[in-house]
Amino acid sequence: MGDPVTVLGIGGYVPGVRVTNADLERHLDTTDEWITQRTGVRVRYRCAPGEATSDLAVEAGRRALRHAGRTAVDVVVVATTTPDHLIPGTAPAVAKRLGLGTVAAFDVQAVCSGFLYAAAVATSFVESGSATAVLVIGADAFSSVLDPTDRTTAVIFGDGAGAAVIGRGTAADGPGWGAFHLGSDGDAADLITVPGGGSRARSLPGQEFGAHLRMAGGTVFQAAVDAMASSCRSAMHSAGWYAHEVDHVVGHQANIRILRSVAQVLEVPESRVVVHLDRVGNTSAASIPLALTAASARLRPGDKILFTAFGGGTTWGAATLVWPSRLPATTVLGDNDD
Ligand code: COA
């Protein structure tokens, strides 16, 4: 048992190129009204030319370390589907640039569920005694795989990074992280894909590289609601929580209608669902820690937070966290205004 494994600090960052719905209207067959009503997204941010996922991850990681008052961790885990390169992984460079030296550093790839998978890994490291503190960063630059002419994906996704330092708190922090309920369904692999770039589809002369994201939006929508709701139920059951006790649902920010549907199925009031996608879009692995960071001023010690995600793979998950007492309300925000 011992002291709880909890969150010691959080931080978020989005890059500087701001893209509004009005900007998208200019070159896509879409409207601000459609995007707002069908997805909830109003603004997203994209990397500038030359900027990459690790640049976002470093900034979010720096903010989380500062919030935690730490200059050292034992492990860095970067959840990303848009690494800087196929080889090497992104985490070692991030660790080095953060001044963390030669600590263990590796990437986790679970698409939009990546942060929860990485947080589960980090929590296990700390629980097992292999680490005292782990920096977990969800970072993605989906602008690098978007087809700018595909109105079903180009309007949704944005780039960003969010981070959390996970380590041992004190008894005053409450129970910290509860059980993680993670799942996957490889039969549904075709729903969200970037076919090229890996060993299955090699780049041959004259052959379509398949470098762009493809998503079967409608099917993904229903699968996301079902998987997020059922994993939330499992996590709540493990934690012994009833729906009316949940103070905040921090879900993957894919579509406001998905978040509303999950809340409805779980019978959690919609007012307790953290909505951040209107300000940054779907930032994949960054989405949960960015939403948590943006909501941080509202979080009170002892608040019960239910996390849930769904992404390509398909993958999904849920987890519970009791917000610790040691973290004061913070002004760290997810969109560069801290
Ligand atoms: N602007 C205007 N019209 C659009 C549009 C856009 N950006 N994108 C799609 N449409 C049109 C479609 O062509 C279709 O037109 P039709 O009826 O004439 O054929 C109509 O809107 C409805 O399309 P549909 O795909 O049913 O829309 P939707 O309401 O399901 O919304 C998504 C599409 C992608 C926003 C939605 O399905 C979604 O959010 N899916 C889940 C994404 C997700 O959770 N990802 C998680 C992992 S990242």
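Just so you know, ligand 1 is whichever comes first in the structure, and atom 1 is the first atom listed for that ligand.
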- prompt: Strictly under 6.0 Å, is that where the ring centroids of F307 and W177 end up?
  reply: yes
- prompt: Is the backbone of G311 close enough, under 3.5 Å, to the side chain of S113 for a donor and an acceptor to pair up by distance?
  reply: yes
Region of L28 engaging ligand 1 - heavy atom pairs below 4.0 Å: neither
- prompt: Based purely on interatomic distance, does R38 place a nitrogen or oxygen under 3.5 Å from a nitrogen or oxygen of ligand 1?
  reply: yes
- prompt: What atoms of ligand 1 come within less than 4.0 Å of a heavy atom belonging to F310?
  reply: 47 (C)
- prompt: Non-hydrogen atoms of T152 versus ligand 1: any pair closer than 4.0 Å?
  reply: yes
query: Tell me, which protein residue and heavy-atom name are nearest atom 1 (N) of ligand 1, and how many Å apart are they?
result: T30 OG1, 2.6 Å
- request: Measure the shortest side-chain to side-chain distance between M228 and I258 over non-hydrogen atoms and say whether it is less than 4.5 angstrom.
  value: yes
- line: The protein heavy atom nearest to atom 36 (C) of ligand 1 is N255 ND2, 3.9 Å
- prompt: Going by the atom numbers of ligand 1, which of them fall below 4.0 Å from some non-hydrogen atom of T39?
  reply: 35 (C)
field: Proximal ligand 1 atoms for V155, defined as those under 4.0 Å from one of its heavy atoms
entry: 7 (N)
query: Got a protein heavy atom sitting under 4.0 Å from atom 22 (C) of ligand 1?
result: no
For atom 15 (O) of ligand 1, closest protein heavy-atom neighbour: R151 NH2, 4.3 Å
message: So if I count the atoms of ligand 1 from 1 in the order they appear, which ones are less than 4.0 Å from some heavy atom of I156?
response: 34 (C), 35 (C)
field: Donor-acceptor contact present, side-chain T315 to main-chain G312, <3.5 Å
entry: yes
task: Output all residues satisfying side-chain contact (heavy atoms from CB on, under 4.5 Å) with A188, sequence neighbours left out; order by chain, then residue number.
output: D185, L191, T314
query: Do L292 and V134 belong to the same hydrophobic cluster, where Ile, Leu, Val, Met, Phe, Trp and Tyr are linked whenever their side-chain heavy atoms lie under 4.5 Å apart, directly or via other members?
result: yes
- request: Could you find the nearest protein heavy atom to atom 42 (C) of ligand 1 and give me its residue, atom name and distance?
  value: M215 CE, 3.6 Å
message: Taking distance alone, with N or O pairs closer than 3.5 Å, would you say N282 contacts ligand 1?
response: no
message: Strictly less than 4.0 Å: does any protein heavy-atom distance to atom 13 (O) of ligand 1 fall in that range?
response: yes
query: Any protein heavy atom lying closer than 4.0 Å to atom 40 (N) of ligand 1?
result: yes
- prompt: Which residue and non-hydrogen atom of the protein lie closest to atom 43 (C) of ligand 1, and at what distance in Å?
  reply: V220 CG1, 3.5 Å
task: Provide, to 0.1 Å, the distance between atom 28 (P) of ligand 1 and the closest protein heavy atom, together with that atom's residue and name.
output: R257 NH2, 3.7 Å
- prompt: What do you think, any protein heavy atom under 4.0 angstrom from atom 17 (O) of ligand 1?
  reply: no
- request: Report the relative orientation of the aromatic rings in F142 and F157; use parallel for angles under 30°, tilted for 30 to 60°, perpendicular for over 60°.
  value: parallel
- prompt: Any idea which atoms of ligand 1 are less than 4.0 Å away from a heavy-atom of C112?
  reply: 47 (C), 48 (S)
- request: Test V155 against N21 for side chain to side chain contact (heavy atoms under 4.5 Å, CB included), laying out the working first.
  value: CA-CA 8 Å; V155 302; N21 291 350; 5.9 Å; no
task: Report yes if the side chains of R168 and T132 come closer than 4.5 Å at any heavy-atom pair, otherwise no.
output: no
task: Look at D32 together with R42 and state whether they make a salt bridge at an N to O cut-off of under 4.0 Å.
output: no
field: side chain to side chain contact (heavy atoms under 4.5 Å, CB included) assessment of V275 paired with D278
entry: CA-CA 7 Å; V275 176; D278 53 330; 4.0 Å; yes
query: Which one holds for I35 and ligand 1: side chain close, backbone close, both close, or neither close, with close meaning a heavy atom under 4.0 Å?
result: neither
message: For the backbone of I305 and the side chain of D247, can you confirm whether one donor and one acceptor N or O come within less than 3.5 Å of each other?
response: no
- request: Return a yes/no value for F221: is any of its N or O atoms, backbone included, closer than 3.5 angstrom to an N or O of ligand 1?
  value: no
message: Looking only at protein heavy atoms, which one is nearest to atom 27 (O) of ligand 1, and what is the separation?
response: W34 CZ2, 3.9 Å
message: So does A141 get a backbone contact from the side chain of T82, meaning a donor-acceptor N/O pair under 3.5 Å?
response: yes
query: Which atoms of ligand 1 have any heavy atom of I258 under 4.0 Å away?
result: 41 (C), 44 (O)
query: Counting from 1, what ligand 1 atoms have a heavy atom of I192 closer than 4.0 Å?
result: 47 (C)
message: Just to confirm my output: which protein heavy-atom neighbour is closest to atom 25 (O) of ligand 1, and how far is it?
response: G218 N, 4.8 Å
- prompt: Under 4.0 Å from atom 10 (N) of ligand 1, is there any protein heavy atom?
  reply: yes
message: Run the side-chain hydrogen bond (donor to acceptor under 3.5 Å, both in side chains) test against D190 and tell me which residues pass, sequence neighbours left out.
response: none
